[in-house]
Number of protein chains: 2
Amino acid sequence: MTEPRVGRASGDSRVPEATVARLATYLRVLSILAERAVATVSSEELAVAAGVNSAKLRKDLSYLGSYGIRGVGYDVTTLTEQISRTLGLTVHRNVVLVGVGHLGEALAGYAGFASRGFRIAALVDADPQRVGRVVHGLPVRDAAELAELVAEHEITIAVLAVPGSAAQDVCDQLVGAGVTSILNFAPVVLAVPPHVDLRKVDLAAELQILSFHETRKAIERSTRVAQG
Amino acid sequence: MTEPRVGRASGDSRVPEATVARLATYLRVLSILAERAVATVSSEELAVAAGVNSAKLRKDLSYLGSYGIRGVGYDVTTLTEQISRTLGLTVHRNVVLVGVGHLGEALAGYAGFASRGFRIAALVDADPQRVGRVVHGLPVRDAAELAELVAEHEITIAVLAVPGSAAQDVCDQLVGAGVTSILNFAPVVLAVPPHVDLRKVDLAAELQILSFHETRKAIERSTRVAQG
DNA sequence: TAGATTGTTAATCGATTAACAATC
DNA sequence: TAGATTGTTAATCGATTAACAATC
């Protein structure tokens with residue numbers, strides 16, 4: 001209990017993975033509250049708005065430190081700052097978007113990008129027809145220039161929106177160029193070395209998960225009818 | 001141990017949520033193996049291709065029943081069928097896509113849709129400029145027709161790709177029309193009644209999670225340098 | 001002080017994994 | 001039979017949650 005603290009120093013930062021994912025949601029809710037000039041919010045209010053249990057929310061926030069005021073709640077500005085700091089959003093991050101088809105174009109135009117410290121520094125495509133086009137104010141560059149662009153703009157994060165058939169190849173090039181985080185929209189399982197973080201957005205998987213639950217609900221409905 | 005089984009009957013189906021999410025990935029790998037005319041696959045091979053631990057894979061598959069052959073592996077066709085059945089992909093599902101901007105258009109053109117038993121039965125948008133346009137062979141219908149379309153095509157799943165400001169309103173309309181599963185791409189936290197399953201794809205959150213890990217990696221690098 | 005709300009504890013639940021008996 | 005690989009056990013790990021002492 002009162003033993004001297006050993007190991008991890010003040011930076012501490014053993015924030016659970018599940019908590020990290022939710023911090024982004026809290027940040028979104030906090031920004032809406034800030035817009036409405038709300039100064040203070042209780043864990044209960046914030047939890048309801050974020051769609052989670054308030055005990056979970058308080059536990060999540062406790063990993064960042066002790067920024068609430070007992071009997072009062074959390075200061076919206078302070079909490080926003082602390083979550084932003086924890087997520088590393090206070091440093092500016094350059095992103096390369098590879099694959100400027102319909103999806104890539106939609107992602108390039110995503111407003112939430114810039115507002116959170118991310119900047120699309122380069123658009124890249126392998127299709128000569130697309131190279132040179134200006135999309136959302138940025139020219140599409142040739143895939144051959146990838147390594148050069150990553151180095152030039154000190155890019156560490158890539159968003160991959162290329163066809164599945166090209167994804168692993170592009171992924172390898174990105175990793176070779178020094179990218180250490182990849183967000184993959186291509187419908188394939190990518191292999192990356194251990195020092196690279198990979199997340200995927202998988203439309204087919206999302207629908208299949210919903211389909212599973214549709215089946216479950218249908219069974220429940222029929223059981224309820226049968227049992228009365 | 002040998003007590004008489006009570007409760008859940010043969011359908012059983014207490015498949016953990018984490019397993020359900022991975023089944024979609026296994027299905028993807030299996031379809032590639034089938035293309036290559038591979039007849040049989042071991043848990044180790046399939047696990048490597050899906051990027052998971054083989055013990056986890058076997059545990060996942062064990063929830064579906066016992067479809068492997070000891071000493072041999074899994075029959076690709078049989079396993080594909082069993083996973084498809086578990087995910088409810090053997091019944092045809094109609095989907096409505098609301099919001100036909102760049103993102104909506106990209107989603108409408110997603111090939112993986114049809115190949116897995118999902119069919120976009122209707123495209124809907126509130127913008128009069130978009131209504132009537134034909135996108136990927138389907139006309140964009142007016143938002144006012146939403147309930148009608150859901151009923152007509154017996155739609156239970158909706159994909160939401162509208163601006164954040166409109167999302168909760170559209171969501172309420174969908175639920176009112178009888179939709180019981182929603183895949184939300186709008187950058188807001190939606191509220192739905194308990195009988196409705198909601199999943200979200202959140203680009204900002206994905207990038208923020210990667211940003212968190214970038215920070216962690218940067219700290220590790222500097223610590224390594226400092227400590228030698 | 002009285003009321004409100006945080007931060008933390010501890011119990012519970014769910015997911016992961018190594019190991020190996022069962023069995024092809 | 002010998003070798004290979006599944007399906008399951010049990011230990012461990014991580015996440016959730018109710019409850020409440022601490023404290024504003």
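Since this is a predicted model, take the numbers as computed values, not measurements. Naming convention: chains lettered A, B, ... in sequence-line order (proteins, then strands); numbering from 1 in each chain.
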* **Whole-Å gap separating P (D:dT9) and NZ (B:Lys59)** => 8 Å

* To do: With DNA chain D as reference, determine whether A:Leu57 or A:Gly71 sits nearer its 5' end, using the nearest nucleotide of each.
  => A:Leu57

* Asked: Looking at D:dT23, does its base get a donor-acceptor pair with the side chain of A:Arg70 below 3.5 Å?
  -> no

* For B:Ala55, answer base if it contacts any base atom (sugar-phosphate contacts may also be present), sugar-phosphate if it contacts only those atoms, and nothing otherwise; contact means non-hydrogen atoms under 4.0 Å. => base

* A:Asp60 CG to C:dT6 P, straight-line distance once rounded to whole Å -> 14 Å

* Asked: B:Arg58 side chain N/O closer than 4.0 Å to the phosphate oxygens (OP1, OP2) of C:dT16?
  -> no

* Does the distance from a Lys or Arg side-chain N to an Asp or Glu carboxylate O, for A:Arg85 and A:Glu81, drop under 4.0 Å? -> no

* Asked: How does DNA chain D look in dot-bracket form if you count Watson-Crick and G-U pairs under 3.5 Å, write [ ] for pairs that cross, and put | where a base pairs with another strand?
  -> ..||||||||||||||||||||||

* **Candidate pair B:Thr19 and B:Asp60, rule side chain to side chain donor-acceptor pair (under 3.5 Å), full reasoning** => CA-CA 6 Å; B:Thr19 295; B:Asp60 283 343; 2.7 Å; yes

* To do: Output yes when a side-chain donor or acceptor of B:Asn94 lies under 3.5 Å from a complementary backbone atom of B:His153, and no otherwise.
  => yes

* To do: Could you check how far NZ of A:Lys56 sits from P of C:dG14, rounded to whole Å?
  => 13 Å

* Nearest-Å distance, CD (B:Glu17) to P (C:dA15)? -> 8 Å

* Structure fact -> A:Arg22 atom CZ is separated from D:dG14 atom P, nearest whole Å, by 15 Å

* Asked: Rounded to whole angstroms, how far apart are CG on A:Asn53 and C1' on D:dA19?
  -> 12 Å

* To do: Sequence neighbours left out, what passes side-chain contact (heavy atoms from CB on, under 4.5 Å) with B:Ala177? Give chain and number order.
  => B:Ala147, B:Val150

* Asked: Taking OH from A:Tyr63 and P from C:dG7, how many angstroms apart are they, rounded to a whole number?
  -> 14 Å

* Asked: Is any side-chain nitrogen or oxygen of B:Ser43 closer than 4.0 Å to OP1 or OP2 of D:dT5?
  -> no

* Asked: Got a salt bridge between A:Lys217 and A:Glu214, using NZ or NE/NH1/NH2 to carboxylate O under 4.0 Å?
  -> yes

* **Under-4.0 Å side-chain N/O to phosphate OP1/OP2 contact, B:Ser66 with D:dG7** => yes

* To do: Look at all strands and tell whether B:Glu44 reaches a base, only sugar-phosphate, or nothing, counting heavy atoms closer than 4.0 Å.
  => nothing

* **Interatomic distance where CG belongs to B:Leu64 and P belongs to D:dT6 [whole Å]** => 14 Å

* **Candidates B:Thr78, B:Leu30, B:Leu89 - the one meeting side-chain contact (heavy atoms from CB on, under 4.5 Å) with B:Ile83** => B:Leu30

* Structure fact -> The answer to which of B:Thr19 and A:Gly68 contacts DNA chain C further toward the 5' end, by nearest nucleotide, is A:Gly68

* To do: Flag the pair A:Leu103 / B:Tyr110 as yes when at least one side-chain heavy-atom distance between them is below 4.5 Å, and no otherwise.
  => no

* Asked: Does the side chain of A:Tyr74 get closer than 4.0 angstrom to OP1 or OP2 of D:dC24 through an N or O atom?
  -> no

